[in-house]
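Please find one structure pasted underneath; my questions will follow.
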Number of protein chains: 2
Amino acid sequence: MPRSEPGSRDGPVGIKQVAQLAGVSPGTVSNVLNKPERVAAKTRARVEQVIKELGFVRNGSAASLRAGHGRTIGLMMLDLGNPFFTEMARGVEDLMSEREYGVILCGSASQVGREQRNVRMLAEQQVRGVLVTPVSDSGESLARLRERNIPSVMLDHAATRSDQCSVTVDDVAGGRLAVAHLLERGARDIVFVGGPLTTRQNADRRAGARKALREAGCGTLREVIVDEMTPRAGHEAAEHLLAELPDAVFCANDLLAMGVLRVLLQQGVRVPGRVMLIGYDDIEYALASAIPLTSIRQPPYKLGRIAAELLLDECEHPGSHAHQQIMFQPELVVRESTS
Amino acid sequence: MPRSEPGSRDGPVGIKQVAQLAGVSPGTVSNVLNKPERVAAKTRARVEQVIKELGFVRNGSAASLRAGHGRTIGLMMLDLGNPFFTEMARGVEDLMSEREYGVILCGSASQVGREQRNVRMLAEQQVRGVLVTPVSDSGESLARLRERNIPSVMLDHAATRSDQCSVTVDDVAGGRLAVAHLLERGARDIVFVGGPLTTRQNADRRAGARKALREAGCGTLREVIVDEMTPRAGHEAAEHLLAELPDAVFCANDLLAMGVLRVLLQQGVRVPGRVMLIGYDDIEYALASAIPLTSIRQPPYKLGRIAAELLLDECEHPGSHAHQQIMFQPELVVRESTS
DNA sequence: CTGTTAGCGCGTTCAA
DNA sequence: TTGAACGCGCTAACAG
């Protein structure tokens, strides 16, 4: 089945056809595409005209084969079901789209195996670089990328190596902020509800929470650890709480908090009257929940954009690129669930 | 800077190195990769062993250049800020990941221009096929894909052509369901709050709403049309409503409804006591909102998965593939906002 | 079942 | 500033 192009005869439109019709050599067309400044304005205009007429589109695979990498980057997200991460993805996609890069999206669903399979796939696709929100301490995946000289930026996870960029928010500070707030509001018996502690986010937020308690000289932190960080897991966690209601609950993310809130209200527990509740991430929907949720705000869209910029800088200027570990400070947003 | 591979000398590990070490020809290695059944089990095992040892990863660009297409598909979403679409994306990503395809994610943000730019980029990347949630009647983009023989499946938009697959939910039925429910609950003065009517979803849902009114022999539908389908736009819409409160509000999606709800409650309007409210999509967060939202349920994850399957079927079996226009029926989920 | 060979379409180099 | 020739790594087609 031959391809047909508007305004021309059959056959694939390649750089050669363009060259012929414009009366130049293929090499010149290539220069118009990649280094326009090196081509005389007049020649360039003519070539560009022909490109438009023929509806020519460069074959990315060929370019990529020659150059050793293409105009795509990989984006590996921990949890595509969480608006925090999809907002981050949106930030990445927006920037990459502006810079005319494609984004290959992968979800690891918090599983090391999936992360590794996906990294392998990205390497096959000859991506220019990779953005990763890593599963636990997944040095393995990053090492593979390094072996292959594929630049990477860690997202929502601080790099320990100085030859690696990362963009994060201080989760220990966030956990501390949350619990300090609860203490200030008079809570003493506080429960931390979180996902697996192998996930850095959970571990750090809990560490921050403990720190706040220590600083205040108060008792210890009760904990309920569940498998996932979803509203459903929040329901489950809340069942455990009902036996012995605490003064306050600090959830490791808003999705958990929404689940907890739902069960508490269903059981007739007053929030914040009987139990105060605080979440994490400040996703847009937390604001709209039954009792507007106090939360710790992070700027996911911005994190995504900045990480994307760092990655492209490293890809396109490997010489002058300076690795950075950027860490934002989270912010407490007080709403009704703790007032 | 030479690449170094674990357990081997410098230099890129290509199919040739593998062939040499395994004592076979490059062609055989290629067959092990692409058509394993055509290779003797013993030879295959040996080759696979060497592949592992050398940490060989196939160069996708070269494969793609040779074959004319790669192992990626494009995913073009109308609105990456809406959980309905990101859930759909998750469905697509899950299936493609199982089938070892990469997904290049693009957002059109409801702009025809961005859609076209992205389609062009996808063509450059030599994607095997494309999934699109189209902006208005964006025949242009789809036509370009057809010219280039790139299969596509329309998502959340019914195909009119029989040479095109699509996976949708019946939005006219959904709109009708919503308004019939409101009428049954005793509402008479009903307002439709929606985004631009050039977007099919808005137009269809409104059409369904009108149909329900006609069938019931009731009056006409008041309308508030806003620019976007976000909570923020919902706020704006709600301001217009305050001047003359209706009996009920039907929002074209849950994000709008959440925005409307927020303003109504702030202004002390009882929901559903004074005004009933119904949304659309039944995103997970609608359940957790201040007044749990009655909504029209659609199965986004499933839509994504099914569309992805259809697309791969068309890509991999162009001969036997039968185009399908699949339409799901939406479902009314009654919650507190209309009780 | 396995080996051999000829490009895929572009970017790059070097000479004109 | 432009043109001609070469080859990136792989797959398809055919020969053995």
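All chains are named by letter (A, B, ...) in the order of the sequence lines, taking the proteins before the strands, and each is independently numbered beginning at 1.
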*Name all residues meeting the side chain to side chain donor-acceptor pair (under 3.5 Å) criterion together with B:Glu316; count only those two or more places apart in sequence or in a different chain, and write none if there are none.*
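Here the qualifying residues are B:Tyr101.
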
*Qualifying salt bridge (charged side-chain N to carboxylate O under 4.0 Å, His left out) pairs with a residue from residues 54-70 of chain B, counting only residues at least two apart or across chains*: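 Applying salt bridge (charged side-chain N to carboxylate O under 4.0 Å, His left out) to every pair that reaches into residues 54-70 of chain B, excluding sequence neighbours, yields A:Glu124-B:Arg58.
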
Counting only pairs under 3.5 Å, give me each side-chain donor-acceptor contact of residues 88-95 of chain A, with atom names and distances, residues two or more places apart or in other chains.
residue	atom	partner	partner atom	Å
A:Arg90	NE	A:Glu87	OE2	2.9
A:Arg90	NH2	A:Glu87	OE1	3.1
A:Glu93	OE2	B:Gly107	N	3.2
A:Asp94	OD1	B:Arg114	NH2	3.0
A:Asp94	OD2	A:Tyr301	OH	2.4

*Hey, what bend do you get for the helix from C:dC1-D:dG16 to C:dA16-D:dT1 if you fit axes on five pairs at each end, rounded to 10°?*
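About 30°, once rounded to a multiple of 10°.
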
*Partner set under side chain to side chain donor-acceptor pair (under 3.5 Å) for A:Arg99, not counting sequence neighbours*: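 Residues passing side chain to side chain donor-acceptor pair (under 3.5 Å) with A:Arg99: none at all.
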
Just the table, please: protein N/O against nucleotides 6-8 of chain D N/O, every pair under 3.5 Å.
residue	atom	partner	partner atom	Å
D:dG7	N2	A:Arg66	NE	2.9

*With sequence neighbours left out, write down each residue that passes salt bridge (charged side-chain N to carboxylate O under 4.0 Å, His left out) with A:Glu140, or none if nothing qualifies.*
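A:Arg144.
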
Atom pairs, N/O to N/O, protein against nucleotides 13-16 of chain C, distance under 3.5 Å?
none

Quick one: which protein N/O atoms are closer than 3.5 Å to N/O atoms of nucleotides 14-16 of chain D? Pair and distance per line, please.
none

*Not counting sequence neighbours, which residues clear side chain to side chain donor-acceptor pair (under 3.5 Å) with A:Thr72? List them please.*
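In terms of side chain to side chain donor-acceptor pair (under 3.5 Å), with neighbours along the sequence ignored, A:Thr72 is linked to no residue.
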
*Taking only residues two or more places apart in sequence, or in another chain, which ones meet B:Glu98 in a salt bridge (charged side-chain N to carboxylate O under 4.0 Å, His left out)?*
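Here the qualifying residues are B:Arg305.
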
Contacts table for residues 38-48 of chain A: side-chain donor-acceptor under 3.5 angstrom, sequence neighbours left out:
residue	atom	partner	partner atom	Å
A:Arg44	NH1	A:Pro36	O	2.9
A:Arg46	NH1	A:Ala22	O	2.3

